[in-house]
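Please read these numbers as outputs of a predicted model, since none were measured by experiment.
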Amino acid sequence: MEKRRGIKDVIKSKVGLISVVGMFYAICCAGAYGIEEMIPECGPGLTIVMLLVLPLVWGLPYALICSELGSARPVEGGSLMWVKEALGEFWFGVMVFSNVIWSLVCNTVYVVLAVSYLGNIIPLTSFESYIIKILMILVFFIINILGIRDVSIVSTVLSVIIVIAFAVVAAVGFFSWNTNPMEPFTSGEYDNVFQTLGAGLAIGIWMYSGFDEMSVMAGEINNAHKIIPKALMIIIPLITLTYVLPTVAGLASVGNWELWTTEPGGTGYSTVLTQNAGPIFGIIFLIVAIIGQCSIFNVCIATGSRCILVLSDENFGPAFIANLTKKRGTPYVGLIIVAAVTMLLIPFDFTFLVVVDVFFMVTVCVLTVTAAMILKRKIPEEEVPFKVPGGRAGHNAACIMVLTICVLSTLVNGTDWYLGGLLWILIIPVLYILSKKKFKGSSVKEPKAYPIDPATGLGFGDLKKIGCMYSGIGIFAILSRFFLQWYEGSWGPEYYLNEYGSGLFSDFGLMLSVITITGIVSLAAGLVFVMTDRRIDKTKINRV
């Protein structure tokens, strides 16, 4: 049997609707962990309202967009290939590198969180903690090597456990109802309603994200064009119920909204059980929290390895990375890379890992929605089994809502997160240039569609696109600096000093200065790229 390699050789598996729902639940939700931080920031009433509204203005619109594209283009690589078809090779490169970095960072976060939860049950030394993290990575690496069917079975089992656990929290909380969960409506922590909304918006958006992730494995799922859209329509209400019911029940039964937190010793979902059912249930719930992080990690390894597979298959990386196992067609080299990088990153501070993450999530969402708007006009209606309700107007409305939320989440997520993501996202065009020059990109398989410009060694027009990207980032950064000054100026200096103690992220004013300088440098670099592209075009015209 010949060696399997690349997207063309992946093997389709019979993965049913329930299994796909289980995988979606794992990667998009895995429990209501994280909402505890929204409650004291926004206030209990506003938190509950946001958990009900965000699915309608963010989660559902994005899920509908991904469902429509997934039904029309159920290919391995999913959203990566949608962007390539709609926007071309350069923006595909931005998409795939953003996805790979985002996946690798996310993977590490879930391992770190799982073991930190375990440390709340069993005291662990640093060495013991590190060994357990390595073992966790190896266990789920082995599951993923077995193939997507095994990944889906494990994810579904873990997801069922999580759903049951939070259903129990909701039931116990409702039976112990003794206070109004909507009071007070806001926390009174901030100067105005907009700042109060912003404090919880970033967390809320994060809780309703990941709906494009399963698309990268669509080529391995039988009837993916039918199953994935159906699963997305099931998962939105399921996730919403997972968040809303335990939160309402928890606030109604234990109150103390200002003390809710994910930190050990604080009030949270486990408190509902320990206070009303006994201490042993608190330990059980911590075990469920560990299971939640494991379930996310299990699917994230799968999606991350597929992004690496696509990167190599499109010739933006070494060819051997696209090798697959002979029997099951699993991208084992990609899985090895994901596992190895996760092992390298786990010693880093959790805050460092999260700080670089948001910009990549937003980049992926923006490119996916932009691709959807273009492909809506290009793909014939008869090739699209599932459509966003409301025709072209409904589709446009969904896209506008998602893009608006993307911009808002970038601005209100915190100056530290903004700066960390800004500095990292500027590296993406550099990675594209280096990979394109070294491996030739899509020109290897499609030389007519993606010819190389001999003057630059890149694709025709790439310099202009790079220039537009840098210029756009620069202008956005300069404008964002003034928004952040207004939005966080009254409390930012004290908050960041207390949060970090020392260093760049501890100095609010310095962060704003770095954002401004970075914006100016990025804008200048963008203009240089655009002018260089024009100069090369003029030279070609003169030669002719």
Side-chain angles (χ1 to χ4, degrees), residues 25 28-60 117 162-209 235-286 288-289 292 405 412:
Y25 188 84
C28 299
C29 175
Y33 306 105
I35 292 172
E36 301 98 324
E37 301 296 339
M38 284 180 68
I39 294 168
E41 289 287 328
C42 299
L46 183 57
T47 296
I48 293 169
V49 170
M50 289 179 70
L51 292 176
L52 289 168
V53 172
L54 279 173
L56 300 177
V57 300
W58 162 255
L60 181 60
Y117 286 138
I162 297 164
V163 170
I164 292 172
F166 276 93
V168 171
V169 170
V172 171
F174 281 124
F175 277 115
S176 306
W177 187 299
N178 60 45
T179 187
N180 186 346
M182 298 292 290
E183 292 183 354
F185 188 75
T186 61
S187 64
E189 185 85 8
Y190 299 95
D191 296 336
N192 54 60
V193 175
F194 184 77
Q195 289 183 342
T196 306
L197 277 169
L201 184 63
I203 299 173
I205 290 168
W206 182 264
M207 302 301 290
Y208 289 103
S209 65
I235 204 64
I236 294 291
L238 180 58
I239 290 175
T240 304
L241 291 173
T242 299
Y243 295 158
V244 174
L245 295 182
T247 302
V248 172
L251 288 167
S253 61
V254 303
N256 296 325
W257 63 270
E258 69 276 9
L259 300 179
W260 279 61
T261 179
T262 55
E263 296 297 322
T267 301
Y269 298 106
S270 62
T271 311
V272 180
L273 298 178
T274 57
Q275 186 170 302
N276 298 296
I280 187 64
F281 287 95
I283 296 174
I284 293 172
F285 199 76
L286 273 175
V288 174
I405 297 291
V412 302

**Q** Output the distance between atom CD1 (I283) and atom CG (L273), rounded to the nearest 0.5 Å.
**A**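 Between I283 CD1 and L273 CG, I get 12.0 Å after rounding to 0.5 Å.
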
**Q** Looking at Y33, I want to see if its OH is surrounded by more than 12 non-hydrogen atoms of other residues, nucleotides or ligands under 6.0 Å.
**A**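 Yes.
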
**Q** For a ring pair (Phe, Tyr, Trp, His ring centres under 6.0 Å) check, start with the C-alpha distance between F285 and Y117, then their side-chain angles and the critical distance, and finish with the verdict.
**A** CA-CA 10 Å; F285 199 76; Y117 286 138; 9.5 Å; no

**Q** Can you list everything that forms a side-chain hydrogen bond (donor to acceptor under 3.5 Å, both in side chains) with E183? Sequence neighbours excluded, please.
**A**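 Partners of E183 by the side-chain hydrogen bond (donor to acceptor under 3.5 Å, both in side chains) criterion, ordered by chain and then number, come out as N180.
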
**Q** Provide the closest heavy-atom pair for E258 versus P40 in the form atom of the first, atom of the second, distance.
**A**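 In terms of heavy atoms, the two residues are closest at O-CB, 3.8 Å.
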
**Q** What is the minimum heavy-atom distance between C29 and I239, and which atoms define it?
**A**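 Closest pair (atom of C29, atom of I239, distance): CB-CG1, 3.7 Å.
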
**Q** Side chains of L52 and V49: does their closest heavy-atom pair fall under 4.5 Å?
**A**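 SC-SC contact between L52 and V49 ruled out.
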
**Q** Taking all heavy atoms of V172 and all of S176, pick out the closest pair and write down the distance.
**A**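 In this case the closest contact between V172 and S176 is O-OG, 2.9 Å.
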
**Q** Got I39 and T247 here, is their nearest side-chain heavy-atom distance under 4.5 Å?
**A**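 They are in contact (side-chain heavy atoms under 4.5 Å apart), so the answer is yes.
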
**Q** For the SG atom of C42 and the CD1 atom of I48, what is their distance to the nearest 0.5 Å?
**A**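 Answer for the SG-CD1 pair, C42 versus I48, is 11.5 Å.
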
**Q** Would a 4.5 Å heavy-atom cut-off, applied to side chains only, mark N276 and V254 as touching?
**A**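 Result yes, sub-4.5 Å side-chain heavy-atom pair found.
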
**Q** Can you name the closest pair of heavy atoms from A252 and P181 and give their distance?
**A**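 That would be N-CB, 3.9 Å.
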
**Q** How many angstroms lie between CD1 in I405 and CG in L54, if you round to the nearest 0.5 Å?
**A**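 Output value for this atom pair is 6.5 Å.
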
**Q** Say whether, by atom type as modelled, one donor and one acceptor occur between the side chain of W206 and the main chain of L201 under 3.5 angstrom.
**A**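 Such a contact is absent between W206 side chain and L201 backbone.
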
**Q** Would you name the heavy atoms of A249 and V169 that are closest together and state the gap between them?
**A**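 That closest heavy-atom pairing would be CB-O, 4.3 Å.
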
**Q** Verify side-chain contact (heavy atoms from CB on, under 4.5 Å) between F281 and V272, making sure each step is shown before the conclusion.
**A** CA-CA 9 Å; F281 287 95; V272 180; over 6 Å; no

**Q** Which atoms form the tightest heavy-atom contact between G173 and S253, and what is the distance?
**A**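 For G173 versus S253, the nearest heavy atoms are O-CB, 3.5 Å.
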
**Q** Is it true that a side-chain atom of W257 and a backbone atom of L259 form a donor plus acceptor pair closer than 3.5 Å?
**A**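 Not a single qualifying donor-acceptor pair exists.
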
**Q** Does F166 offer a backbone N or O that forms a donor-acceptor pair with the side chain of Y269 under 3.5 Å?
**A**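 Checking the backbone N and O of F166 against the side chain of Y269, no donor-acceptor pair under 3.5 Å is found.
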
**Q** Using only atom types and a distance under 3.5 Å, with no angle test, would you say the side chain of Y25 pairs donor to acceptor with the backbone of L238?
**A**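 No; judged by distance alone, with no hydrogens or angles, the pair does not exist.
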
**Q** Is a side-chain donor or acceptor of S187 paired with a backbone partner of E41 at a separation under 3.5 angstrom?
**A**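 Here the side-chain-to-backbone pair exists.
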
**Q** What is the distance from atom OH of Y243 to atom CG of L245, rounded to the nearest 0.5 Å?
**A**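 It comes to 13.0 Å.
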
**Q** CG of L56 to OG1 of T240: how many Å apart, nearest 0.5 Å?
**A**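 One gets 7.5 Å once the value is rounded to the nearest 0.5 Å.
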
**Q** Is the backbone N or O of Y208 less than 3.5 Å from a side-chain atom of W58, with the two atoms forming a donor-acceptor pair by type?
**A**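 It does hold such a pair.
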
**Q** Just verifying a value: how many Å separate I236 CD1 and L241 CG, rounded to the nearest 0.5 Å?
**A**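 One finds 11.5 Å between CD1 of I236 and CG of L241.
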
**Q** Going by heavy atoms in the side chains, are P184 and P44 under 4.5 Å from each other?
**A**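 SC-SC contact between P184 and P44 confirmed.
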
**Q** Any side-chain heavy-atom pair from L251 and W260 closer than 4.5 angstrom?
**A**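 The answer is yes, as the side chains (C-beta and beyond) meet within the 4.5 Å cut-off.
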
